[in-house]
Amino acid sequence: MKLRVLYFARLRERFGMTEEKVELVGSTAADLVAQLQARGGVWAEELGAGRAFRVAVNQDIVTLDASFPENAEVAIFPPVTGG
Amino acid sequence: MKLRVLYFARLRERFGMTEEKVELVGSTAADLVAQLQARGGVWAEELGAGRAFRVAVNQDIVTLDASFPENAEVAIFPPVTGG
Amino acid sequence: MKPGSMKIVIQTDAFDLGAEVNAMSQGRTDIGAIASFVGLARDMNEGSGVQAMTLEHYPGMTEKALATLVEETCARWALLDVTVIHRVGRLLPGDPIVLVAVASSHRGEAFAACEFVMDALKTRAPFWKKEETPEGERWVEARVSDNTAAARWDELP
Amino acid sequence: MKPGSMKIVIQTDAFDLGAEVNAMSQGRTDIGAIASFVGLARDMNEGSGVQAMTLEHYPGMTEKALATLVEETCARWALLDVTVIHRVGRLLPGDPIVLVAVASSHRGEAFAACEFVMDALKTRAPFWKKEETPEGERWVEARVSDNTAAARWDELP
């Protein structure tokens with residue numbers, strides 16, 4: 001399935017991009033994270049086990065077992081630090 | 001002992017005075033209240049059993065067993081309602 | 001809290017929340033949080049309309065009671081500044097009555113201390129309200145809920 | 001709370017606490033309490049000096065997350081108005097970052113709701129801070145204490 005994936009804050013900087021189109025094999029947030037980890041390098045490092053990050057689907061934070069609707073706007077970012 | 005006694009709010013209005021000099025027979029807040037109650041009328045009514053009022057000595061709220069220092073500034077008033 | 005960084009004022013005039021809070025943070029960079037509270041005169045109390053109210057106080061004791069209360073607050077939480085302003089005299093519905101502002105490094109302390117000051121003020125500072133209603137004038141009775149609100153601080157951390 | 005009496009703004013400019021709180025109470029006489037909070041940029045964090053910070057956010061999600069949060073707050077407490085303003089962009093120590101103001105008939109609701117909004121905002125609104133320190137730039141890490149502060153509202157009445 002096709003997804004638009006956005007990155008913010010430290011992840012945006014480390015991945016060197018603000019967003020990309022991803023053709024996902026699978027349908028859940030966990031599938032997406034696994035596919036991105038498989039790129040190795042900073043992707044494996046930042047999205048590896050024990051690293052804290054959040055996934056949002058259509059601007060709501062979801063758990064890793066969440067399924068994506070087609071053409072979802074997905075975002076991956078560090079725990080928030082505003083306020 | 002000689003005391004200056006101030007009244008505030010509803011008690012000031014009901015007693016018809018803002019302050020008076022009292023020659024107290026006894027030495028505690030309870031003694032003063034009993035002496036004022038003995039005047040009868042609004043005094044007996046407002047300071048009677050079950051009525052809520054506060055006694056302050058030199059501008060600190062005290063309990064009825066508190067002893068007065070000589071020439072104390074005493075105040076009797078209803079529970080406070082500011083803020 | 002550095003000496004002197006506590007402001008307690010009883011006045012008839014209105015106050016300016018923005019100016020008070022700005023004065024707290026002006027020229028300093030160690031404050032992370034300012035919690036503030038404004039209490040206003042409502043047009044309704046105990047089920048009847050209020051056209052105006054008059055606040056009476058006990059000059060001298062009021063200042064003393066508020067200073068003691070603020071010192072207690074500063075001993076309990078790590079604070080950087082506290083301001084308390086309470087109006088007296090005749091006020092109309094919508095008029096601000098009381099302002100409490102508390103500055104701290106972190107928000108938890110600022111919120112707790114600000115609410116504590118308000119709860120304690122409601123039971124310990126010698127102010128009394130007299131309301132003008134269509135049925136005539138009446139002195140406001142102390143609320144049991146205010147005693148409950150003040151008492152819970154005896155148990156809380 | 002009447003429809004529309006909720007204001008959520010993300011902006012680079014400074015805000016004016018006094019003006020926001022005055023706007024809430026202007027022309028109405030049913031508000032008895034306004035609790036407010038201002039969070040400011042500090043010159044120190046995690047033991048090192050902070051010369052400036054830049055706030056990044058997720059446009060679209062930020063507004064949605066804050067609107068959801070405020071709706072949740074209004075469902076939980078009897079409120080008359082809520083304002084949330086959060087700044088983004090580069091800020092210096094002493095600069096205000098966030099403002100939350102909550103109006104209610106009574107103070108208990110106003111205090112609780114204001115603190116709830118701040119605690120929830122800290123864990124649910126997509127803002128990120130990057131600090132400039134003498135040792136270089138660094139992204140601020142989320143605080144365990146913020147999760148603790150947010151989680152306690154799951155248990156409290």
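Numbers restart at 1 for each chain; the letters A, B, ... are given by sequence-line order, proteins then strands. Since this is a predicted model, take the numbers as computed values, not measurements.
In this structure, no portion of A65(D) lies under 4.5 Å from any heavy atom of chain A. Both the backbone and the side chain of A9(A) come within contact range of chain D, with heavy atoms under 4.5 Å apart. Only the side chain of R12(A) comes within contact range of chain D, with at least one heavy atom under 4.5 Å from a heavy atom of that chain.
Using a 4.5 Å heavy-atom cutoff, the side chains of F77(A) and M61(D) are in contact.
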Report task. Please lay out, stage by stage, how V80(A) and H57(D) fare under the test side-chain contact (heavy atoms from CB on, under 4.5 Å). Result -> CA-CA 9 Å; V80(A) 306; H57(D) 78 126; over 6 Å; no
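Counting non-hydrogen atoms of other residues, nucleotides and ligands closer than 6.0 Å to CD of E141(D) gives a total of 12 or fewer.
Between F8(A) and W128(D), the two ring planes are parallel [angle under 30°; tilted spans 30° to 60°].
Residue T81(A) holds its OG1 atom at 8.5 Å from CD of E131(D), rounded to the nearest 0.5 Å.
Options R87(D), K130(D), R124(D), R138(D) differ in how many heavy-atom pairs under 4.5 Å they form with chain A, and the most are formed by K130(D).
Using modelled atom types, one side-chain atom of K129(D) and one backbone atom of G83(A) make a donor-acceptor pair closer than 3.5 Å.
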